[in-house]
Number of protein chains: 2
Amino acid sequence: MDVGVRLQSIRKLKGLSQRELAKRAGVTNSTISMIEKNSVSPSISSLKKVLSGIPMTLVEFFSIDYEQDTPPQVVYRADELTDLSSGAVTMKLVGKAQPNRALAFLDETYPPDADTGEEMYAHEGEEAGILVEGRLELTVGSEVYILEAGDSYYFESHQPHRFRNPFDKPARLISATTPANF
Amino acid sequence: MDVGVRLQSIRKLKGLSQRELAKRAGVTNSTISMIEKNSVSPSISSLKKVLSGIPMTLVEFFSIDYEQDTPPQVVYRADELTDLSSGAVTMKLVGKAQPNRALAFLDETYPPDADTGEEMYAHEGEEAGILVEGRLELTVGSEVYILEAGDSYYFESHQPHRFRNPFDKPARLISATTPANF
DNA sequence: CGCCAGCGTTCAGTATTTTCAACAGCCTGA
DNA sequence: TCAGGCTGTTGAAAATACTGAACGCTGGCG
């Protein structure tokens, strides 16, 4: 049960710095640092505050399927994926939540009216995906695309982008992002 | 998220005093007392030590389905059970984990086609049970329930009650009695 | 190149938690 | 009734966690 590495893994998956997370959580960056280095064992209330900045519950935090020093697992069954859902969008991460992974490979489900947000995402790296089910609207830069089942995309993440499902059926998207922040 | 009440509920379900749990966990009884009174917010390592004396993992602890001020529920479906597994023995807690419940259930083999008798039982305390195999008829007060495999029950024993198996398959029941010493 | 803004780490001081020891209350048995 | 053993609680002292302000490092930009 390595609380420190666990926290760091999740923080990096969310693309947050120690200071950003600290500010959102209402603690100092020192606290985050020391927790991640396992130089302290945080109190329940502290850890709860920290996780509120992600956001994530204590149950979710301790339930994350994380392991050190295990022979690298190659094949993951459907029910072995790590749940990283945020908001209406269901996100399942392929592979363990590890601190320094290069790639975030996600199985995402967008229910009708689900939206990654009006503000356009823009971060380093590249990302690609393929729509498996339903239809989905993808905006990259000033271009707006409608993805049908089987369509796919690939672009550099510094371009502002947004996913939205204005249709009446849920859309299932398999996506990959490098590095592992989104 | 009431850590104190949650801990006290589980401790009492296990029939442990603060001092007994403290000794098993390698902490002092004061620690248990203060955690249960919510006068402190324990560190992860402390709580983990405390739970090791039960024993119980952090995931299990935070996953406990606990609620205050719930209207009395009589029948619980298979997926509503609280997992209290410890060691090799798998234990699922029937009913909400409430602070001062008087009950801990026993693993009891209920012979096929058995009947508790036509006269309705009514005694002090509380009781609960789960049907593992087959189907069973449960009468509580004037209500008659048909329990399917996986369904469970919880009620106060002063209500007259009766078990009956009018079906052609054997029914296996895991039942519990009051008080909470097991 | 210098400068700035961000990153994570470290240290001294403060705040919180844990221990140790004592306390009162409640039974039980002598 | 009193002693002994149990219960949970509470106080001061010791141990631990958290803050606030530094530090060195990195990468981008003028």
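Residue numbers start from 1 in every chain, and the chains themselves are labelled A, B, ... in the order their sequence lines are given, proteins ahead of strands.
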When hydrophobic residues are tied together by side-chain contacts of less than 4.5 Å, even through go-betweens, does Y110(A) share a cluster with Y145(A)? yes
Could you list all N or O pairs between the protein and nucleotides 8-12 of chain C that sit under 3.5 Å apart?
| residue | atom | partner | partner atom | Å |
| --- | --- | --- | --- | --- |
| dG8(C) | OP1 | R11(A) | NH1 | 3.0 |
| dG8(C) | OP2 | Q18(A) | N | 2.7 |
| dG8(C) | N7 | R19(A) | NH1 | 2.5 |
| dG8(C) | O6 | R19(A) | NH1 | 3.4 |
| dG8(C) | O6 | R19(A) | NH2 | 3.2 |
| dT9(C) | OP2 | Q18(A) | NE2 | 2.9 |
| dT9(C) | OP2 | S33(A) | OG | 2.9 |
| dT9(C) | O4 | N29(A) | ND2 | 3.0 |
| dT10(C) | OP2 | K37(A) | NZ | 3.3 |
| dT10(C) | O4 | S30(A) | OG | 3.3 |

When rounded to the nearest 0.5 Å, the distance separating NZ of K49(B) from OG of S43(B) is 8.0 Å
Would you check if there is a donor-acceptor pair between the side chains of S33(B) and S30(B) at a distance under 3.5 Å? no
5'-most to 3'-most nt of DNA chain D touching chain A (<4.0 Å, heavy-atom partner on protein side) reads dA17(D) to dA22(D)
Once rounded to the nearest 0.5 Å, what's the spacing between atom CE of M34(B) and atom OG of S39(B)? 5.5 Å
Would you say L51(A) and I54(A) make side-chain contact, with heavy atoms under 4.5 Å? yes
Partner set under side-chain contact (heavy atoms from CB on, under 4.5 Å) for E60(A), not counting sequence neighbours: M56(A), T57(A)
Check: T109(A) and V89(A) side chains under 4.5 Å, non-hydrogen atoms: no
I need the residues from residues 43-51 of chain B with at least one non-hydrogen atom less than 4.0 Å from DNA chain C; give them sorted by number, or say none. S43(B), S46(B)
Test item: S63(A) side-chain N/O and V59(A) main-chain N/O as donor-acceptor pair under 3.5 Å: yes
Taking atom OG1 of T28(B) and atom CD of Q18(B), what is their separation to the nearest 0.5 Å? 10.0 Å
side-chain contact (heavy atoms from CB on, under 4.5 Å) with S52(A): which residues, sequence neighbours excluded? none
Estimate the overall bend of the helix from dC1(C)-dG30(D) to dA30(C)-dT1(D) from the end axes over five pairs each, rounded to 10 degrees. 10°
I'd like to know if the side chain of R11(B) reaches the main chain of L21(B), judged simply by a donor and an acceptor atom lying under 3.5 Å from each other, with no hydrogens or angles considered. no
State, without any angle test, whether N165(A) and D113(A) hold a side-chain donor-acceptor pair at a distance under 3.5 Å. no
